[in-house]
Number of protein chains: 2
Amino acid sequence: MFDMERMEWSLPLSGNDGERRDASRNRRLLLHAASTIVACSGVDSLTMDGVAREAGVGKGTVFRRFGSRAGLMQALADQTGRTFQEAFMFGPPPLGPGAPARERLRAFGAASIDRLEVDGRVVRAAGSPGGPDLAHPTQRLVRLHLIMLLREAGVQGDSELAAYQLAAFLDAGLLLHLSDDRGMPRARLVRAWNVLVDGLTD
Amino acid sequence: MFDMERMEWSLPLSGNDGERRDASRNRRLLLHAASTIVACSGVDSLTMDGVAREAGVGKGTVFRRFGSRAGLMQALADQTGRTFQEAFMFGPPPLGPGAPARERLRAFGAASIDRLEVDGRVVRAAGSPGGPDLAHPTQRLVRLHLIMLLREAGVQGDSELAAYQLAAFLDAGLLLHLSDDRGMPRARLVRAWNVLVDGLTD
DNA sequence: GAATAAAACGGACCACAGTCCGGTTAATGT
DNA sequence: ACATTAACCGGACTGTGGTCCGTTTTATTC
């Protein structure tokens, strides 16, 4: 039988098959516990022991499922970010397909900035020590999307590194610093993003 | 928890005055011990206890001087990076003053990339969890320099955010990922930097 | 439905970052 | 030289991330 719930937890577009039922159940319990704690007490006060206790499982289970604190955060972020991913891949223009590539790039930046104002702290906490986990599927998906749009916009050069450059500006840590510590308004960030896009698409 | 005043010492171009002699001696001992450990066993195997033991002081002393592990790393990185800072501020062209702004920008990127191939791992470890410490004087100095060059190159728009965008690509975590994990050669990174500079300076 | 293998569970255990406070040492004034 | 004070020192202590391994649960096979 096909279990829709089983697909919720994880990566953007991959179900995970052949998982035991207790494992699946515990994963849901853990994610729920984690999001409860975050919503209630903030990201910083989330400890792995706390999540385990809240979910009523052992600590080892948390680490088996998510590997590390960052992994758990990543899972949380993916859960929230799933709608965003579907929006820019399959949703209506200008974010989704149907609009000119450069407009889609602009929309992508604006949407990312808006998203980070909502759950940016979780996304930031999802990074390994020393920046975001650039090898994680979610990050790769974003870069792949950017590459596609850049090519479609007529970029001839190294679109892969251009995608890295674009994604670097949308990093949660950077945007939160600009927004919170430096007090820069959303509009200014969006404008800067557009300038960057224009600069890289010539 | 953390005394900002005590961080002043690590400021790129400031001597620290009014410091007690034992404190000064211990700081030197600690920095030496830290760089020894890093050179010998790598960044990851540097522990605060280890540094304290190697230097022959108590653990509390390490934290009083450097505030945190990241602070100690930052101090190490600054020690090495000081020559670099002097080079791009006062050294010969094209890195230092005397060359056209755009050439200086190109040279700055190339020099940063070369530098990171040497002690990038220390610089990366100098970041707080969730990216580099963007509020640290060293980071600010880099951005200030970039802003100056951008303005000098005729950029009319938001040069402050443009500087953030440039600096984001030179982030140690990102460059090490591209170089080590993705196997991108130096030349390609330099080329991408130049494209970015050209894009942002119109 | 029982045997078996594989996978998951749990919590004791470890290492390390960061804190705290009583004791000590260096600078200053007399 | 001595007293005073402020800063520094050290190492015991705590909280948390992460590991390990004996035990329990699930799925499969006969």
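The chains referred to below are lettered A, B, ... by the order of the sequence lines, with proteins before strands, and numbering in each begins at 1.
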Presence of B/Ser68 side-chain N/O under 4.0 Å of C/dA17 phosphate oxygens OP1/OP2: no
Within the 4.0 Å limit for protein heavy atoms, which parts of nucleotides 24-30 of chain D are touched? Write it as a string from 5' to 3', B for base, S for sugar-phosphate only, - for none. -BBS---
Looking only at the side chain of B/Arg65 (C-beta and beyond, no hydrogens), which of the listed nucleotides C/dA8, D/dC9, C/dA12 gets closest? D/dC9
Which whole-number value in Å describes the distance from B/Leu30 CG to D/dC8 P? 13 Å
So, do B/Phe84 and B/Phe108 have ring centers that fall under 6.0 Å from each other? yes
To the nearest angstrom, how far is B/Lys59 atom NZ from C/dG22 atom P? 20 Å
Quick one: does B/Ser68's side chain have a donor or acceptor within less than 3.5 Å of a partner on B/Gly71's backbone? yes
CZ/A/Arg186: more than 12 non-hydrogen atoms of other groups inside 6.0 Å: yes
Nucleotide nearest B/Phe63 when distance is taken to its side chain, options C/dT19, C/dC9, C/dA12: C/dT19
Using OP1 and OP2 only, check whether a side-chain N or O of B/Thr61 sits under 4.0 Å from D/dG10. yes
Nearest whole angstrom, please: distance from the C1' of D/dG11 to the CE of B/Met48. 15 Å
Value in whole Å for how far the P atom of D/dG17 lies from CZ of A/Arg53: 12 Å
Taking 4.0 Å as the cut-off, does a side-chain nitrogen or oxygen of A/Asn26 come that near to OP1 or OP2 on C/dA8? no
Could you tell me the separation between the CG atom of B/Asp44 and the P atom of C/dA15, rounded to a whole number of Å? 17 Å
Which part of the nucleic acid, if any, lies within reach of A/Leu72 when heavy atoms closer than 4.0 Å are counted: base, sugar-phosphate only, or nothing? nothing
Drop me the distance from B/Leu175's CG to B/Arg182's CZ, to the nearest 0.5 angstrom. 13.5 Å
Heavy atoms, side chains only, cut-off 4.5 Å: are B/Val122 and B/Val38 in contact? yes
Would you say the side-chain atoms of A/Arg69 pair up with the backbone N or O of A/Thr47, donor to acceptor, closer than 3.5 Å? no
Want to settle it: does A/Val57 or A/Asp49 sit nearer the 5' end of DNA chain C, counting the closest nucleotide to each? A/Val57
Do any N or O atoms from the side chain of A/Arg124 and from the backbone of A/Gly173 form a donor-acceptor pair under 3.5 angstrom? no
Looking at the side chain of A/Arg64, which of D/dC21, D/dG10, D/dT16 is the nearest nucleotide? D/dC21
By nearest-heavy-atom nucleotide on DNA chain D, the more 5' of A/Thr47 and A/Gly60 is A/Thr47
Tell me: CZ of A/Arg27 to C1' of C/dA7, nearest whole Å? 13 Å
